[in-house]
2 protein chains.
Amino acid sequence: MARDIQERIKRLIIDRRLPSGAPLPTEPELMELLGVSRNSVREALKALQAMGIVEIRHGFGTYVGPMSMAPMIEGLTFRTVAGHYRGEDSLLQLLELREAVETGLIARLAGRVPETDLAELDAIVARMRTEAAAGGVRAETDRAFHATLHRGLDNLLLSEVLEAFWDAFHRVRTDLVPALADPETTVRQHEEIVAAVREGDGPRAERAVRHHFDNIRHRLRSSGDR
Amino acid sequence: MARDIQERIKRLIIDRRLPSGAPLPTEPELMELLGVSRNSVREALKALQAMGIVEIRHGFGTYVGPMSMAPMIEGLTFRTVAGHYRGEDSLLQLLELREAVETGLIARLAGRVPETDLAELDAIVARMRTEAAAGGVRAETDRAFHATLHRGLDNLLLSEVLEAFWDAFHRVRTDLVPALADPETTVRQHEEIVAAVREGDGPRAERAVRHHFDNIRHRLRSSGDR
DNA sequence: TAGCTCAGTTGGTTAGAGCAGCTGACTCTT
DNA sequence: AAGAGTCAGCTGCTCTAACCAACTGAGCTA
């Protein structure tokens, strides 16, 4: 039955064509509308909130959620952390997921990234160089690099999924690994990726991305041995 | 605070190294353990259930969930359906997500699929041919084809993600599109994919996959015009 | 011994009360 | 008259207490 309530709220959103951010009925209204107790309404809303379908603001109201990939990040992160502590190489699997998808997509990107994005990538790499000299590349900078690169894919859903994978990996890594970094190599590899993409050289770009991931994987392995 | 309860239950799973299927404390136990009311415990569990972290069996108990991609499928499906009804081309975006990832991976697969899997793929394609002659290819058969193909990636997480994308797309498509099928072409394209992978011809495999998706996209476009 | 029944455990649902955060209109001060 | 402070009213949040429903397993019955 709890399942049923969730479905009815979902249908309500779909039937009324509610966009992200639109207000949903209040809890008392939903009670009457669905004919169930307040508790059941709340449990259904909590579940929908966990899936990002609904957004609840205390003292304000309930709204249609952003439908982002945040729940997926949450789920992937937990799955990976739990697996790691049980002795599985789940972090490596997550890294390989990213590697497989990103190396597969980079050829598609080569030569198709607009000049404005390339300039932005140059700026990000320059920032990386500064940060590397100052001790280490900030995570936010690396994230911006990948996000800008994937913008050229011209598919919001795809970009969000890739960002979700990055976020999950990053969150798990910072939790589990004491951040063995090799800033110099990291910067050079990002440079190489931009250069290859700029020239439209697909195979070279693919090699560059693969090297980048090889680097991360190697550092993971050497620090993660139990 | 609700957020806090969820975190504490998650930590409980991680700290105790609980594997999928392990029993969790009962609701009254969690009440005492966390020092909150039953209501709050239940709302937290509902949210965790929605994320697949926890599995609740009425009259039996609460258990660590399967950590599958099911919640992601759920979320993607809803996001896509809701977007569709609001006039976005979300279904096309979802298809392109699959296309981008699968064309990127097929080269990686060419020549690396073990003979046993290739034989299984042959059998599946044969079944497709039978079904095509009988009216149309069953969805389950197409799903089996992709699942078997991706098994060769040797990464459970990656396979699950790809299956999740397939499931989400299929669920949305059957809901929204009256299933314009061209069984003949579909069978031929699957045959071509297997042939290319068997020969280890990466570029040819990539072309074959792309043609397959072109075919689906074309059918979508021609039937989805509003 | 095989099957049934029933008590006990677990989660599911309802009800009602009070707490807490936010908004907006009203009032008081300047 | 304009601004800041206050308070009434919405909203969601938490708690308590009771009962319903599904499942298990021990004990009873045939």
Side-chain angles (χ1 to χ4, degrees), chain A residues 1-13 16 18-68 70-71 74-75 78, chain B residues 1-13 16 18-68 70-71 74-75 78:
Chain A
M1 171 169 184
R3 196 94 197 145
D4 181 56
I5 299 176
Q6 290 179 39
E7 288 306 320
R8 287 208 271 167
I9 296 177
K10 283 199 214 170
R11 273 242 274 286
L12 191 144
I13 296 175
R16 297 188 182 178
L18 298 178
S20 287
L24 255 51
T26 65
E27 290 182 356
E29 284 169 345
L30 282 175
M31 282 174 62
E32 190 175 5
L33 190 63
L34 306 177
V36 294
S37 78
R38 183 144 178 228
N39 228 323
S40 301
V41 168
R42 284 185 53 74
E43 286 183 9
L45 286 177
K46 278 288 176 188
L48 292 176
Q49 182 188 37
M51 295 190 276
I53 291 176
V54 146
E55 192 181 340
I56 304 175
R57 279 183 262 174
H58 186 175
F60 196 42
T62 306
Y63 299 82
V64 178
M67 316 264 181
S68 74
E74 202 75 27
F78 183 80
Chain B
M1 171 168 185
R3 196 93 197 147
D4 181 56
I5 300 176
Q6 289 179 39
E7 288 306 320
R8 286 207 271 167
I9 296 177
K10 283 200 215 170
R11 272 242 274 285
L12 191 144
I13 296 176
R16 298 189 182 178
L18 298 178
S20 287
L24 255 51
T26 65
E27 289 181 358
E29 284 168 347
L30 283 174
M31 283 174 62
E32 189 175 5
L33 191 63
L34 305 176
V36 295
S37 78
R38 185 163 172 218
N39 231 325
S40 302
V41 168
R42 283 184 55 75
E43 287 184 8
L45 287 177
K46 278 287 178 189
L48 293 176
Q49 183 187 38
M51 294 190 277
I53 292 175
V54 145
E55 193 181 341
I56 304 175
R57 279 184 260 173
H58 187 174
F60 195 43
T62 306
Y63 300 81
V64 178
M67 316 266 181
S68 74
E74 202 75 28
F78 183 80

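Chain naming here is simple, since letters A, B, ... match the order of the sequence lines and numbering starts at 1 in each. If you're wondering where the values come from, they're calculated on a predicted model, not measured in any experiment.
Between the CZ atom of A:Arg42 and the P atom of C:dA17 there is a distance of 18 Å, rounded to whole Å. Here the P atom of nucleotide D:dC13 and the CD atom of B:Glu43 are 8 Å apart, to the nearest Å. Regarding A:Arg3, its CZ atom lies at a distance of 18 Å from the P atom of D:dA22, rounded to whole Å.
You won't find any donor-acceptor pair under 3.5 Å spanning the side chain of B:Asn39 and the base of D:dT14, going by distance alone.
For the segment residues 27-34 of chain B, the set of residues with a heavy atom within less than 4.0 Å of an atom of DNA chain C comprises B:Glu27, B:Pro28, in numerical order. A heavy-atom distance below 4.0 Å to DNA chain C is reached by these residues of residues 44-57 of chain B, ordered by number: B:Ile56, B:Arg57.
B:Met67 CE to B:Glu55 CD: the interatomic distance, rounded to the nearest 0.5 Å, is 11.0 Å. Between the CZ atom of B:Arg38 and the CG atom of B:Leu30 there is a distance of 11.0 Å, given to the nearest 0.5 Å. Put simply, CD on A:Gln49 and NZ on B:Lys46 are 15.0 Å apart, with the number rounded to the nearest 0.5 Å. Atom NZ of B:Lys10 and atom CD1 of B:Ile53 lie 4.5 Å apart (nearest 0.5 Å).
Here the nucleotide nearest the side chain of B:Phe60, chosen from C:dT13, D:dT24, C:dT14, is D:dT24. Of all nucleotides listed (C:dT14, D:dG12, D:dA22), D:dA22 comes nearest to the side chain of B:His58.
Judged as a side-chain contact (heavy atoms from CB on, under 4.5 Å), and not counting sequence neighbours, the contacts of B:Pro28 are B:Thr26. For A:Ser40, the side-chain contact (heavy atoms from CB on, under 4.5 Å) partners are A:Ile5, A:Val36, A:Ser37, not counting sequence neighbours. When the side-chain hydrogen bond (donor to acceptor under 3.5 Å, both in side chains) test is applied to B:Arg57, no partner is found at least two apart in sequence or on another chain.
Distances shown here put every side-chain N or O of A:Ser40 at or beyond 4.0 Å from the OP1 or OP2 atom of C:dG12. In this structure, A:Thr26 does not reach the D:dC10 phosphate: none of its side-chain N or O atoms is under 4.0 Å from OP1 or OP2.
For residues 20-61 of chain A, the ring pair (Phe, Tyr, Trp, His ring centres under 6.0 Å) pairs, not counting sequence neighbours, are A:Phe60-A:Tyr63.
Between B:Leu45 and B:Glu27 there is a side-chain heavy-atom pair separated by less than 4.5 Å.
The residue among A:Arg38 and A:Gly59 whose nearest nucleotide of DNA chain C lies closer to the 5′ end is A:Arg38.
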